[in-house]
Amino acid sequence: MAIDIKNVSKSFVTKHKDETLNVLKDVNLHVDDNELICILGPSGCGKTTLIRIVAGLEEATQGEVYDGGVLVEGPSKDRGFIFQQYSLFPWLTVLDNVMFGLNLQENASKEENLQAAERYLERVGLADFKDSYPHELSGGMKQRVAIIRSLLNHAPVLLMDEPFSAVDMQNRHKLQEQLIDVRNRFNTTILFITHDVDEAVYLADRIVVMDRNPGCVKEIVPVDIPQPRDRNSEECLKLQEKVEELLGVWED
C-alpha cells in the first residue's frame, strides 16, 4: 500500500514549559506501493519521530499521514513496526516467538509456517537456538529473532527503525537479503531508517536525506541501480559518496 506524508510537523513543549521544540517541519513524502525508501539524517533530525507518526504511535502537531488513502489515526496490523531494540515474549522459545504472528493467520498451514520459520532461522545462524528462550541469547541474537518474526508476518507496510544496527556485519547482510526477498515476494511497502549509507544504497529505491533544527527533507536521491546490487560496484560507491556529501559526513 502507498504511504502519503503530507505537511507533517511535530513540536514538543520542553520540561520547563517555557519553550517549544520543533522536531519536524513540513515533511512531505509519497511512498509508492512496493517501494523501499531509506531515511538518512543526523541525530536529532526527527527520523524516529517521523516513522512513529507513520505507524500511528504518535500524533503529528500538524499535517496528516495516509496509508492506502486512509487517514492514519492509530496503529494497524497492516503496518508492521520493527523497533531499534528487540521486543520478544520472554516466556516463548525462539521458534515460538518467530511463529507467533504466523499462527494467528489463516492463509497457511502450521506445517508451512514451521518450515518458513526454520528456513529463516537457518539463514541467520539461529537454527540451533530454536528451543532456547530470550534470556539465553545475546542482544544481537534477540534482535535477529525479532526481525525474522516481523519479516514473516508479511504486513503490507513495514516500518523499520534502524533494525540491523545491533547485528554483526555478516548477519546484517543476510537480513538485508531476506528483506529484499520479502519485499519482492509479497509486494511490501517499506520505510527504513538507517545510519548506514552503504545499507541505504544497497536496499533503497530512493534515499531521503534529512536535515535538522527542525527536521525536514533536504533531498531525495533516486537509486537507479538494478537489483541484485554489488555493494562494491563503482555505481554503488559513487552514490555512497554523493549521499555522504549531502549528509556532511555526520557532522554530529
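Treat the numbers as computed from the prediction; the structure is a model and nothing was measured.
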Report task. Determine yes or no for a side-chain-to-main-chain donor-acceptor pair under 3.5 angstrom, with Arg206 supplying the side chain and Ile220 the backbone. Result -> no
**Asked** Taking it one step at a time, do Arg123 and Asp181 satisfy side-chain contact (heavy atoms from CB on, under 4.5 Å)?
**Response** CA-CA 12 Å; Arg123 289 180 184 176; Asp181 179 61; 4.1 Å; yes
### Query
Between Asp196 (side chain) and Glu199 (backbone), is there a donor-acceptor pair under 3.5 Å?
yes
Could you tell me whether Glu59 atom CD has more than 12 heavy atoms of other residues or ligands within 6.0 Å of it? no
| said: I'd like to know if Arg172 pairs up with Asp198 as an ion pair, taking the criterion as any Lys NZ or Arg NE/NH1/NH2 lying under 4.0 Å from an Asp or Glu carboxylate oxygen. | reply: no
Q.
Using side-chain heavy atoms (C-beta onward) and a distance below 4.5 Å, is Pro214 in contact with Lys10?
A. no
Before you tell me yes or no, could you show the steps for Glu19 and Leu21 under side-chain contact (heavy atoms from CB on, under 4.5 Å), namely the whole-Å CA-CA distance, both residues' side-chain angles and the distance that decides it to 0.1 Å? CA-CA 7 Å; Glu19 63 179 3; Leu21 178 64; over 6 Å; no
Minimal heavy-atom distance between Lys25 and Cys216, with the atoms involved, is O-CB, 3.8 Å
Query raised in the report: Looking at side-chain heavy atoms only, is the closest gap between Asp26 and Ser9 below 4.5 Å?
Result: yes
Does Arg149 make a cation-pi contact with Phe89 (under 6.0 Å, within 45 degrees of the axis)? yes
- [ ] Kindly indicate, with the supporting measurements, whether the criterion side-chain contact (heavy atoms from CB on, under 4.5 Å) is fulfilled by Ile3 and Asp67.
- [x] CA-CA 5 Å; Ile3 298 291; Asp67 179 359; 3.7 Å; yes
Does any N or O in the side chain of Asn22 come within less than 3.5 Å of the main-chain N or O of Ser11, such that one atom is a donor and the other an acceptor?
-> no
Output for pair (Asp230 CG, Ile225 CD1), nearest 0.5 Å, gives 10.0 Å
Output for pair (Arg183 CZ, Ile180 CD1), nearest 0.5 Å, gives 8.0 Å
Here the pair of heavy atoms bringing Leu40 nearest to Thr194 is CD2-O, 3.0 Å
Worksheet item: Do Leu191 and Val70 belong together in a cluster built from hydrophobic side chains that touch within less than 4.5 Å?
Response: no
OH of Tyr120 to CG of Leu175, rounded to nearest 0.5 Å, is 10.5 Å
Query raised in the report: Take atom CD in Gln115; do more than 12 heavy atoms of anything else shown fall under 6.0 Å from it?
Result: yes
Residues Ala117 and Leu95: closest non-hydrogen pair is CB-CD1, 3.9 Å
| query | Does Lys47 reach the main-chain N or O of Gly41 with its side chain, forming a donor-acceptor pair under 3.5 Å? | reply | yes
With the 4.5 Å side-chain cut-off for hydrophobic clustering, are Phe100 and Trp91 part of the same group? yes
With hydrophobic residues grouped by side-chain heavy-atom distances under 4.5 Å, do Leu237 and Leu246 end up in a single group? no
Check: Tyr133 vs His135 aromatic rings, parallel, tilted or perpendicular, using cut-offs 30° and 60°?
Finding: parallel
| query | Has the side chain of Gln62 got a donor or acceptor atom that lies under 3.5 Å from a matching backbone atom of Asn7? | reply | no
Rounding to 0.5 Å, atoms CG (Leu159) and CG (Leu57) come to a distance of 8.5 Å
What one should report as the nearest heavy-atom pair of Leu92 and Asn97 is O-ND2, 3.1 Å
Just wondering, do Leu121 and Phe129 contact through their side chains at under 4.5 Å, heavy atoms?
-> no
To the nearest 0.5 Å, atom CD of Glu58 lies from atom OG1 of Thr48 at 9.5 Å
Tell me, do Ile53 and Leu24 make a side-chain contact under 4.5 Å, heavy atoms counted?
yes
Under 3.5 Å donor-acceptor, Arg144 side chain and Asn171 backbone
no
**Message:** I'd like to know if the side chain of Asn187 reaches the main chain of Asn34, judged simply by a donor and an acceptor atom lying under 3.5 Å from each other, with no hydrogens or angles considered.
**Reply:** no
(request) Report yes if some heavy atom in the side chain of Gln178 is under 4.5 Å from a heavy atom in the side chain of Lys174; otherwise report no. (result) no
Quiz item: Okay, side chain of Glu219, backbone of Ile207: is any donor-acceptor separation there less than 3.5 Å?
Solution: no
Output for pair (Lys218 NZ, Leu247 CG), nearest 0.5 Å, gives 7.0 Å
On a heavy-atom basis, the closest approach of Pro90 and Pro134 is O-CD, 3.7 Å
Will you find, in the side chains of Arg231 and Gln176, an N or O donor that is under 3.5 Å from an N or O acceptor?
yes
Q) What class does the angle between the rings of Phe186 and His154 fall in, given that below 30° is parallel, 30 to 60° is tilted and above 60° is perpendicular? A) parallel
message: Using the rule that Ile, Leu, Val, Met, Phe, Trp and Tyr join whenever any side-chain heavy atoms are under 4.5 Å apart, tell me whether Met1 and Tyr66 fall into a single cluster.
response: no
Could you check if a side-chain atom of Phe192 sits within less than 4.5 angstrom of a side-chain atom of Leu179, using non-hydrogen atoms only? yes
